[in-house]
Amino acid sequence: MKDILFTVAYNKPLFDRVHEIRLESSEDLPDMHCGQFLHLEVKDVPTVLRRPFCLYKFDRRSVTIIVANVGKGSARVCAMRAGETARAIVPIGNGFRLEEKHKKVALIGGGVGCAPLAALGACYPGREFRSYIGFAKKSAVCFESDFAAFSKTTVCTDDGSYGYHGYPTDAFAGDDFTPDVILTCGSMPLVKAVARLSAATGIPAYMSGESHMGCGVGACLVCVCALKNEKGEIEHKRACVDGPVFDLKDLVL
């Protein structure tokens, strides 16, 4: 990981209170991987620590993030303009790691939680992907073209205004695709639904989560998650350095 000075290349709204922001660097960035994140400086809000955002898109000189405006820190980030600068530690965390045996992969995402899954195709070319991505309504649908570029994609909406009417896990259950592994990111209800699906089918599943973080480097223990070890005992892991990707069978939900 490295602390980098970034310049905002663009900041565009995707839909209500959600922005896509591209950050560019004048120097080569460290190697990055799908499921990792950066820890971004929030300027002009003294009481707000840096904020974690997943790596939606990335290359040698840039990172694109998806930001939902849900509080003081994210509101300031969403207000950033082209040409503005901010520092960020990148990359942080352990991303999604597919094994050689994972030839067929299901991606199940919800809302802005779809963003960490969008880079899987670039990181793992040659695999068979199928994606099930869910949104509240048609006007909130995004990332469809990203997933369609490397996978057969089912878009789901809660109100049936676009695509499949229902939950992404229901769309998956009704499909004829049997993957070797499931990767997911989204709201806690979605993660719990995928955990139940994994337990019922025996298909291993991994989730990426973005807990509230302080330091982002494992020192402050703000982002600890409860997991079960091999003995069934509860252990606490730091999402920033031990995660943010965890095996769903181990996570205490």
Side-chain angles (χ1 to χ4, degrees), residues 14-15 18 34-35 37 54 56 66 68 70 95-99 101-121 123-124 127-211 225-228 239 243-253:
L14 292 182
F15 58 93
V18 176
C34 54
F37 63 96
C54 76
Y56 165 50
I66 303 297
V70 295
F96 290 110
R97 297 290 177 179
L98 294 179
E99 300 178 32
K101 64 182 179 181
H102 296 149
K103 304 294 186 182
K104 300 165 68 176
V105 184
L107 306 179
I108 301 179
V112 294
C114 296
L117 304 170
L120 261 296
C123 290
Y124 291 100
R127 311 291 176 110
E128 181 182 356
F129 290 97
R130 290 206 189 179
S131 303
Y132 308 84
I133 53 177
F135 305 90
K137 54 189 176 180
K138 182 178 181 178
S139 61
V141 172
C142 52
F143 314 123
E144 182 178 6
S145 60
D146 294 310
F147 286 93
F150 68 90
S151 73
K152 180 180 177 181
T153 301
T154 300
V155 178
C156 310
T157 51
D158 294 343
D159 64 359
S161 56
Y162 186 79
Y164 179 89
H165 185 184
Y167 224 46
T169 46
D170 294 329
F172 170 86
D175 207 347
D176 60 355
F177 184 61
T178 303
D180 301 310
V181 66
I182 301 171
L183 307 181
T184 187
C185 185
S187 67
M188 189 53 64
L190 176 65
V191 170
K192 289 182 177 180
V194 174
R196 292 192 296 269
L197 181 67
S198 174
T201 61
I203 301 170
Y206 298 83
M207 64 83 72
S208 176
E210 289 186 353
S211 302
C225 303
L227 291 94
K228 294 175 291 186
V245 174
F246 294 108
D247 190 329
L248 268 181
K249 70 176 175 56
D250 298 331
L251 201 62
V252 178
L253 298 171

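As a basis for the values below, the full set of heavy atoms in this structure was taken, side chains included, without hydrogen atoms, waters or symmetry mates.
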Test: salt bridge (Lys or Arg N to Asp or Glu O under 4.0 Å). Region: residues 167-177. Which pairs qualify, not counting sequence neighbours?
Arg130-Asp175, Arg130-Asp176
Using ring-ring contact (aromatic ring centres under 6.0 Å, His included) as the criterion, list what pairs up with Phe135, not counting sequence neighbours.
none
Among residues two or more places apart or on two chains, list those pairs meeting salt bridge (Lys or Arg N to Asp or Glu O under 4.0 Å) that have a residue in residues 136-157.
Lys57-Asp146
On a heavy-atom basis, which atom in Ile133 and which in Pro168 lie closest, and how many Å separate them?
C-CG, 4.2 Å
Mind checking whether Phe143 and Leu14 have side chains closer than 4.5 Å, heavy atoms only?
yes
Search all heavy atoms of Asp180 against all heavy atoms of Lys101 and return the closest pair with its distance.
OD2-O, 3.4 Å
For the residue pair Ile182 and Pro179, what are the closest heavy atoms and their distance?
CG1-CG, 4.1 Å
Contact list for residues 170-192, test ring pair (Phe, Tyr, Trp, His ring centres under 6.0 Å), sequence neighbours left out
Tyr132-Phe172
Under the side-chain contact (heavy atoms from CB on, under 4.5 Å) rule, what do Leu98 and Arg127 come out as? Steps first, then yes or no, please.
CA-CA 10 Å; Leu98 294 179; Arg127 311 291 176 110; 3.6 Å; yes
Applying salt bridge (Lys or Arg N to Asp or Glu O under 4.0 Å), can you list everything that pairs with Lys228, at least two apart in sequence or on another chain?
none
Say you draw a straight line from CG of Leu107 to OG1 of Thr153; how long is it, rounded to the nearest 0.5 Å?
8.5 Å
What pairs with Ala119 under side chain to side chain contact (heavy atoms under 4.5 Å, CB included), at least two apart in sequence or on another chain?
Cys34, Phe58
Can you measure from CZ (Arg97) to SG (Cys123) and round to the nearest 0.5 angstrom?
8.0 Å
Looking at residues at least two apart in the chain, or sitting in another chain, which of them share a ring-ring contact (aromatic ring centres under 6.0 Å, His included) with Phe15?
none
Smallest separation among heavy atoms of Leu190 and Gly110, with atom names:
CD2-N, 3.4 Å
To the nearest 0.5 Å, what is the distance between OG on Ser131 and CG on Leu120?
8.0 Å
Taking all non-hydrogen atoms of both residues, which atom of Ser208 and which atom of Gly35 are closest, and how far apart?
OG-O, 3.9 Å
Nearest heavy-atom approach of Thr184 to Ile108 is OG1-O, 2.7 Å
Test item: Tyr164 side-chain N/O and Thr154 main-chain N/O as donor-acceptor pair under 3.5 Å:
no
Those residues at least two apart in sequence (or on a different chain) that pass ring-ring contact (aromatic ring centres under 6.0 Å, His included) with Phe96 are none
Inter- and intrachain pairs under side-chain hydrogen bond (donor to acceptor under 3.5 Å, both in side chains), touching residues 185-204, at least two apart:
none
Taking only residues two or more places apart in sequence, or in another chain, which ones meet Asp159 in a salt bridge (Lys or Arg N to Asp or Glu O under 4.0 Å)?
none
Between the main-chain N or O of Asp158 and the side-chain N or O of His165, is there a donor-acceptor pair closer than 3.5 Å?
yes
Partners passing ring-ring contact (aromatic ring centres under 6.0 Å, His included) against Phe129 (at least two apart in sequence or in another chain)
Phe150
Identify each donor-acceptor pair in which a side-chain atom of residues 245-253 lies under 3.5 Å from a protein atom, sequence neighbours left out, and give them as a table.
unit_1, atom_1, unit_2, atom_2, d
Asp247, OD1, Lys249, N, 3.1

